[in-house]
Amino acid sequence: MNAAAGAYLIAMLRNRIALFFTFAFPLLFIVLFGLLFGGPGHMNQLTAGVLDWAVGNSAMFGVAYSIVQWRKDDLLRLVRTTPTPITSLLSGWYVVTVGLAIAQAVLFLGVSLLPAFGLTVTSPSIVLLPLVLMVGSLTFFAMGVLVARVAPNPDAVAAIANCIMIPMAFLSGSFYPLELAPPWLTTASRFMPLTYLNDAVRQTLSGGYAVLIPLSALLGFAVLFGAIGLRTFKWADSV
């Protein structure tokens, strides 16, 4: 698992586009909209929305891109000939994914806490944030395994991931308060995993502790997507 994690981390660091979307691009959202609409209350929602969207996006894209690239290079075929199970390989990648999610949180919260933006975090419930990020990353990591199953090449991964994450970000309330949405959209959002990651992150930033339901929902999605992803896992392009 350590070797898999190391290889995955090196690949992520070498992929400048992935690093940009992992850290710089979401940070631009926080800086731009923070300067325009920041302040107590508003900044809590904005930071939470950008953070959970960024975490979900990087978790999905990272594992999907790596699987497709390894499959293209026939590395997965070689892994299959060893005693190493696919779960061990993915576990190593998941550890790196969680580390990146925590690094994103530290960066985004650090910037949002600057006086120019006005984020306020005074509740001890913030200690639940790492747990929330771990569970949220697992859900979107599992979704990434499914994206890798249908992506024909590495270039297609970003297009498929964006087609999933960008509409979900708006429909689940990351960038648009669901309180202002029509009832049908609020109902539809309950079927989107990003909605529950939104709920859990906002609870930790606003002093709430009601994360059991959203975390349970995220785990349910993770089990569903993970089971399908492992069942249909594609080891080689010819398979």
Side-chain angles (χ1 to χ4, degrees), residues 20-62 97-98 100-114 116-123 125-126 128-141 143 161-182 185-211 213-215 217-218 221:
F20 178 81
F21 278 94
T22 299
F23 292 100
F25 188 61
L27 188 60
L28 289 177
F29 275 94
I30 290 179
V31 172
L32 177 61
F33 291 107
L35 291 174
L36 293 176
F37 309 109
H42 296 290
M43 200 63 196
N44 288 55
Q45 288 195 356
L46 172 64
T47 303
V50 172
L51 175 59
D52 53 51
W53 169 73
V55 166
N57 194 65
S58 62
M60 179 189 295
F61 174 82
T97 299
V98 172
L100 290 173
I102 293 175
Q104 287 175 304
V106 171
L107 175 62
F108 300 158
L109 291 178
V111 172
S112 299
L113 286 168
L114 294 174
F117 302 107
L119 175 67
T120 57
V121 179
T122 58
S123 171
S125 63
I126 190 67
L128 295 175
L129 183 58
L131 174 62
V132 170
L133 295 179
M134 289 176 61
V135 177
S137 295
L138 179 62
T139 301
F140 288 92
F141 187 90
M143 292 178 67
N162 285 332
C163 285
I164 296 173
M165 290 302 299
I166 292 179
M168 192 187 302
F170 287 95
L171 298 177
S172 64
S174 288
F175 300 145
Y176 181 85
L178 287 178
E179 294 80 5
L180 304 178
L185 180 55
T186 303
T187 301
S189 70
R190 293 294 110 186
F191 296 92
M192 301 178 188
L194 193 58
T195 299
Y196 298 97
L197 185 54
N198 283 335
D199 292 344
V201 172
R202 283 174 178 164
Q203 282 289 321
T204 64
L205 295 185
S206 61
Y209 292 89
V211 298
I213 292 178
L215 289 186
L218 286 170
F221 280 115

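All values below come from the heavy atoms of this structure, side chains included, with hydrogens, waters and symmetry mates left out.
Proximity of T139 to L197: side-chain heavy atoms (C-beta onward) are nowhere separated by under 4.5 Å. Counting only heavy atoms from C-beta outward, the side chains of I166 and F170 approach each other to under 4.5 Å. In this structure, the side chains of S137 and V55 come closer than 4.5 Å at one or more pairs of heavy atoms. Residues L109 and L129 meet the side-chain proximity criterion, which asks for heavy atoms closer than 4.5 Å. Counting heavy atoms from C-beta on, the side chains of L133 and V98 never come closer than 4.5 Å. Inter-residue side-chain proximity for L138 and L218 is flagged as unmet; no heavy-atom pair is nearer than 4.5 Å. Annotation: side chain of M43 is in contact with side chain of I30 (closest heavy-atom distance under 4.5 Å). Using a 4.5 Å heavy-atom cutoff, the side chains of F117 and V31 are in contact.
Without hydrogens or angle criteria, S189 side chain to T186 main chain gives a donor-acceptor distance under 3.5 Å. A distance-only check finds a donor-acceptor pair linking the side chain of N44 to the backbone of L205 [under 3.5 Å]. Side-chain N or O atoms of Y209 include none that pairs as donor or acceptor with a backbone N or O of Q203 at under 3.5 Å. Panel note: side chain D52, backbone L194; no donor-acceptor pair is recorded below 3.5 Å. Using a distance-only test at 3.5 Å, with no hydrogens or angles considered, no donor-acceptor pair links the side chain of Q104 to the main chain of L51. For N57 (side chain) and M165 (main-chain N/O), no donor-acceptor pair under 3.5 Å exists by modelled atom type.
Taking a 6.0 Å sphere around CG of L114, one finds it holds more than 12 heavy atoms contributed by other residues, nucleotides or ligands. The environment of CZ in F191 is sparse: at most 12 heavy-atom neighbours from other residues, nucleotides or ligands sit within 6.0 Å.
For the atom pair L215 CG and D199 CG, the distance stands at 10.0 Å (nearest 0.5 Å). If you take CG on N198 and OG on S172, they are separated by 4.5 Å, rounding to the nearest 0.5 Å. Atoms CE and CE, on M60 and M168 in that order, are 5.5 Å from each other to the nearest 0.5 Å. Here M192 contributes atom CE and F221 contributes atom CZ; the two are 9.5 Å apart, rounded to the nearest 0.5 Å. Atoms OG1 and CG, from T204 and L131 in turn, are 10.0 Å apart once rounded to the nearest 0.5 Å.
Within the 6.0 Å centre-distance limit, the rings of F29 and F175 are counted as a close aromatic pair.
Considering all non-hydrogen atoms of both residues, F20 and P26 come closest at O-CD, 4.1 Å. Heavy-atom minimum distance, F108 versus T22: CZ-O, 3.9 Å. Summarising the geometry of A48 relative to R202, their closest heavy-atom pair is CB-CG, 3.3 Å, with the distance given to 0.1 Å.
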Any chance you could lay out the side-chain contact (heavy atoms from CB on, under 4.5 Å) test for F23 and L100, step after step, and finish with the verdict? CA-CA 9 Å; F23 292 100; L100 290 173; 4.2 Å; yes
